[in-house]
Q: 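Got a structure for you, questions after.
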Amino acid sequence: MRTSLVLLSARLLDPLTGEFLPQTALAASGGRISALGDDRRIRALADPSTTVIDLRGAVVTPGLVDGHLHPVSGAELTHGLDLSGCADLDAVREALAGEVRTLAPGAWLHAWGLDPNVFGQRPVEAAALAPVLDGVPALLLLFDAHSMLASPRALELAGVDGPRTFAQAAEVVCDDAGRPTGLLLEDAACELVERAAPRPTHAERRARLAAALRDMAAAGLTGGHAMDANGDSLALYAELDAAGELPVRLRVSPWCQPGADAAALRALIEQQGTGGALWRTEGVKLFMDGTVDNGTAWLERPDCHGESTHSFWPDPEAYTHIVGELHRAGVPTATHAIGDAAVRHVLDSVERAMATGERRVRHRVEHIETVPDDTLRRFARLGVIASMQPTHCCDYTRADHTDNWSRRLGEERASRAWRCRDLWDSGARVVLGSDWPIAPFPPLGVMAGARHRRPSRDLSLPPHGPEQALTALEALQGMTVHAAYAAGEEHEAGRLAVGHRADLTVLADDPLTAAATDLPDLPVLLTVLDCRPTHRDASL
Ligand SMILES: [Zn+2]
């Protein structure tokens, strides 16, 4: 087979050991690493059609993989005004006022990344943003992407004038007089108002998705575990893949929601393994709770507002049954579980599923924001993968526990925040991700966050729980070897070895010796997916 790609004068970093391989060059063909050797020997494998790149000492790692993201909804949700940089209400008002001036009459304002902490002790409600949004239909997505703030005009156009009841946990928050405050909690409530806004066309959505994926490749990502297949996601992936425009390899896990019947379950099982050249459907994503910030997590004891008291599944036993069925069918599950009770219930369910048979299925828990020791220790024992998003701790909580997440939980539970170190030391496999669009996707920022645990907007601020930091090597493993393991691909991904996928990330210097605070700025010189460069810096 002809050689597609040759990389010379490289430092080849093995994320398993943290050492450089003795070889300095790599050849790839047929989507795989086909040879490792010295420059002379590998150069000889090139023919006139081979892409030959002299890396001049740059560092090659296996392609970085984000363990948890939402490409399609992310591309959609991060269009419009970015409020993620606004640290107080005045900044939000100013940004909104600027956007309102650019809107055509009657047009909807879409914004994202709103941090509820900007409201301080005030309730999160649209009234705080009057008069800026008066008469403007506006939907402001909160940073957790589980809630929105709708302007009075948006509520009016959607015909939402009071409380509503939902089949799943969701709420149109109302004041004492029963009037909506603008705050919409969870998808079902948000959708009520979103339906009234004009929908982007298919072509617009496809273009936004392709652009987001190209940005991911430029940031060094070669792969991602997409944690939903909502709407026409699969059709969009298939279209981009067929057109040769899918620059990130995706493993897509569709949702299983409360109320799923036998037919829905069968459909999820039959979907497994379907896909295209660079994407496939694998695993099922479930939710055990919502978020601490919204009072929709599931905690063993209520938070300081008396909230976060129950499961996202009205009947948690129904969840346990579903996990059992999926396990028997060999389908790995990934369950969003943030509160200690939610995590415990998922582990109980997996333990029961495993007790019924011999099957080895790699289940995982997403987020694990606050858990006590006894729950934490069960991950390693049960072989359940811990999927962590360290930048959520860095950027949405504070070391002094004055943030909404910490205040709701109180000292004891806030001191158990994102226990990456303890999980790692307990023997659990920890995979790292961003949960984009909840947090930015650049993988160097995610690895840096796991190491420094400081707010990315100001790295001089103190770290939140520095004793839970990972080392540089562990952070790299969380986006390479462990990401591969979580997807059942450790035999063909996550290492620089002959026969492994030619998915590679090339950095200007060694990510293991770069200071955590400098890591996000380390230039990504080259990203290779399936032998083909998806990003190449002008300097190469
Ligand atoms: Zn997610």
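Atoms within a ligand are numbered from 1 in the order they appear, just like the ligands themselves. Computed from a prediction, not measured in an experiment: that's the story for all the values here.
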Q: Check whether any N, O or S atom of His68, backbone or side chain, sits closer than 2.8 Å to the Zn ion (ligand 1).
A: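 Yes.
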Q: Treating Thr480 as the side-chain partner and Pro15 as the backbone partner, does any N or O pair qualify as donor plus acceptor under 3.5 Å?
A: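 Pair absent, no side-chain N/O of Thr480 close to backbone of Pro15.
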Q: What's the atom name of the N, O or S in Asp435 nearest to the Zn ion (ligand 1)?
A: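 Per the distance ranking, Asp435 contributes OD1 as its closest N/O/S atom to the Zn ion (ligand 1).
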Q: Quick one: which of Arg199, Arg208, His110, His70 gives a side-chain hydrogen bond (donor to acceptor under 3.5 Å, both in side chains) with Glu76?
A: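 Of Arg199, Arg208, His110, His70, side-chain hydrogen bond (donor to acceptor under 3.5 Å, both in side chains) with Glu76 is met by Arg199 alone.
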Q: Output the atom name for the N/O/S atom of His70 with the smallest distance to the Zn ion (ligand 1).
A: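 The closest N, O or S atom of His70 to the Zn ion (ligand 1) is NE2.
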Q: With the side chain counted from C-beta on, respond yes when Leu423 and Trp418 share a heavy-atom pair under 4.5 Å apart, and no when they do not.
A: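 Heavy-atom side-chain distance check fails, nothing below 4.5 Å.
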Q: Assess whether a salt bridge exists between Arg344 and Asp348, defined as any Lys/Arg side-chain N lying under 4.0 Å from an Asp/Glu carboxylate O.
A: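 Salt bridge flag = yes for Asp348 with Arg344.
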